Amino acid sequence: MLHALLLLLLFPLCNGILPVQENEAREARQLNDLWTFVREPSNSIGYGLLHEWFRQDISSFSNATVMPVPSAFNDLQDNSLRDHVGWVWYQRTAFIPSRMSRGRTYIRLDSANYYAKVYVNTIEAGSHFGGHLPFEFDITQHIVFGNENRITVAINNTLSLQSLPQGDSKAIGYEDHVYQRGFMDFFPYSGLLRPARLLFLPKTHISSQSIVADATGTLTFSHSVIGTGFSKVEVTVTDADGEVEYTSDALNGTTKISKVELWWPRNMGKAYLYTLTVRLLSDSSSPIDIIRTKFGFRSITWDNSQILWNGRPFHCQGFGMHEEYDIRGRAFDAVMMTRDLNLFEWTGANCYRTSHYPYSEERMAENDRRGIAVIVETAAVAIRHYSEEIQNLHMDFIRGTIERDRNHPSVFMWSLANEPSSSLKEARPYFDPLVKLAKSLDPTRPITVVIAGGPTTDVVAELLDVICFNRYYGWYSNIGQLFRIEDDIYKEITAWNNKFSRPIIISEYGAEAIPGMHRDPPFAFTEEYQVEVLKEHHKAFDRLRNEKKLAGEMVWVFADFMTVQDTTRVVGNHKGVFTRQREPKMAAHLMRQRYTEKKRRRKDEL
Ligand SMILES: *[C@@H]1O[C@H](CO)[C@@H](O)[C@H](O)[C@H]1NC(C)=O
Ligand SMILES: *[C@@H]1O[C@H](CO)[C@@H](O)[C@H](O)[C@H]1NC(C)=O
Ligand SMILES: *[C@@H]1O[C@H](CO)[C@@H](O)[C@H](O)[C@H]1NC(C)=O
């Protein structure tokens, strides 16, 4: 562990990352296919590192097999792979044409859970800790151009107590049969979970970008560039029809666009996107680098009870989610993502939280296009021990998350953690600098932490702009007592309001329903019971919304998802309103009815 922390100090995680694009100046090569895969025994001492497996062709090992990328490795073979703790090895070759030597070559991994060391031929290109965020390394010096090059990624998926703010966990086991369980309620899927690519960029290129565009039409942009081989800059803003609205010859600038079309969440208006094009040009005006980014003009503000989108009350109605599916686990899959977002729209929802980690970049772009408002959550779930090491890592995760997602108009709030032990007094000095960091990186969006405790014991809520809390009346408390729910949740939300006078979102509520299990009168774990629990909450929500005491409501959870084996989980968590295969339970129809109904809205809402 010490080893990993030292590495972190030497190589800070965030030195800018841009979305991948292919254009006149940039090429990308997918490395998404079958890689050679070798597993070390669970909890090994890092045998592969000691024996420098990256120097060898590991496909010659008798236990070598293949692994698709992207995919979690856990659900593709047997128990020991599913519950593996420690090191696994991915390897492949890639032919890199000679012409690529004109520019710089990077390897980019969109997500490797949880710790990855990357080798190109026999040289370590870099390492990354934490998962769920992209990272890239300049490998130009390590490549033999016009040749096959060996790429090796060693992944360690250990969630040890001191290592990650992602659910304290422990390895439990007998001799070499070890498995790990975190306090987080989801399966710790591991491997190369999102696309892997080689990027071929010009020697001089844009390396980071910040775009802030508000409802007054004010646009502020800034860029960093690696290399000095350019003499001119051309910045252009075009509208959705390609009409030029603005041009500039500076990398950083601010301007005001007149008669701007705003970006609205899906049931408030159009999700209107502009394009910012940045060109680095040579003396003779030939293009050296180009990036094009879609962005939207909108302002998020808040008062003592509501979130305002472009000055209008925005009532968030949606779901907590998981980005995970059968067999492939927490891997990016365009088919499943599309099904998810289409179903999401079918329910009429307008908002979700990327519980409990940043979601794929492809999904973030879709949120912008579809007008889905999103709370992006850092990978920090169920923190129970507060230490400086975890705090430093947590800060890196916050930097990485904001750097990656800040230019998306759909993102309206940052959630710094889910359900930390926020009644412990150490929580306050732990979170105080995290909130300040997030504010300094992005002063334009509200900050939240999703709280599990109540308003009397919590010590973190005071630091936040918006209070999100999770509560399970009728499930974890007073199961079976449907008649108490409306009163209990009404009283609690009122108590949060009275104490803190700021917008309150109930970010989780709900109950488990085993798909196809029915009973009348409703009984815990049936589809009928889930529906009744939700309905009782809705009675209170409607009253609270009219009294301007509730800024949003999110059911836990969109779809069933996998957890570790536990007496309280029947092959995973079944609080989904959809099954894990994304078919509707009775509750999905209830939510659709609620979220598509206009009559509940107050007059001042759109
Ligand atoms: C797979 O083979 C390598 C090389 O022989 C060995 O070091 C490693 O322990 C094996 N993995 C397992 C899970 O036994
Ligand atoms: C990698 O895994 C082992 C267990 O197999 C663990 O003891 C070690 O701390 C991990 N190392 C890093 C750098 O994460
Ligand atoms: C533009 O802004 C970036 C990011 O704030 C900064 O690093 C860079 O120095 C600025 N460039 C110029 C030319 O002012």
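Keep in mind that the numbers below use all heavy atoms, side chains included, and drop hydrogens, waters and symmetry copies. Just so you know, these numbers come straight off a predicted model, no measurement behind them. Both counts, for ligands and for their atoms, begin at 1 and track the order of listing.
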Using a 4.0 Å cut-off to any heavy atom of E40, which atoms of ligand 1 qualify?
13 (C)

Check: N63 N/O within less than 3.5 Å of ligand 1 N/O
yes

Side chains of H84 and R39: do they bring a donor and an acceptor to under 3.5 Å?
yes

NZ/NE/NH1/NH2 to OD/OE distance under 4.0 Å, R298 and D214
no

Tell me whether N121 contacts the main-chain N or O of I123 through its side chain, where contact means a donor paired with an acceptor under 3.5 Å.
no

Could you report the tightest heavy-atom contact between A112 and L192, atom names first, then the distance?
CB-CD2, 3.8 Å

Ligand 1 contacted by W53 (non-hydrogen, < 4.0 Å):
yes

Compute whether any side-chain donor of one residue and acceptor of the other, for H394 and Y430, lie under 3.5 angstrom apart.
yes

Less than 4.0 angstrom from a charged side-chain N to a carboxylate O is my criterion; do D326 and R580 meet it?
yes

Does ligand 1 come near enough to R39 that some N or O of the ligand is less than 3.5 Å from an N or O of the residue?
yes

I'd like to know if the side chain of T293 pairs up with that of Q209 as donor and acceptor (distance under 3.5 Å, no hydrogens or angles considered).
yes

Check ligand 1 against Y47 and write out every atom of the ligand that is under 4.0 Å from a heavy-atom position of the residue.
7 (O)

With hydrogens left out, which residues have an atom under 4.0 Å from ligand 3, given that only heavy atoms count?
S222, H223, S224, N252

Any side-chain donor paired with an acceptor under 3.5 Å for S299 and N310?
no

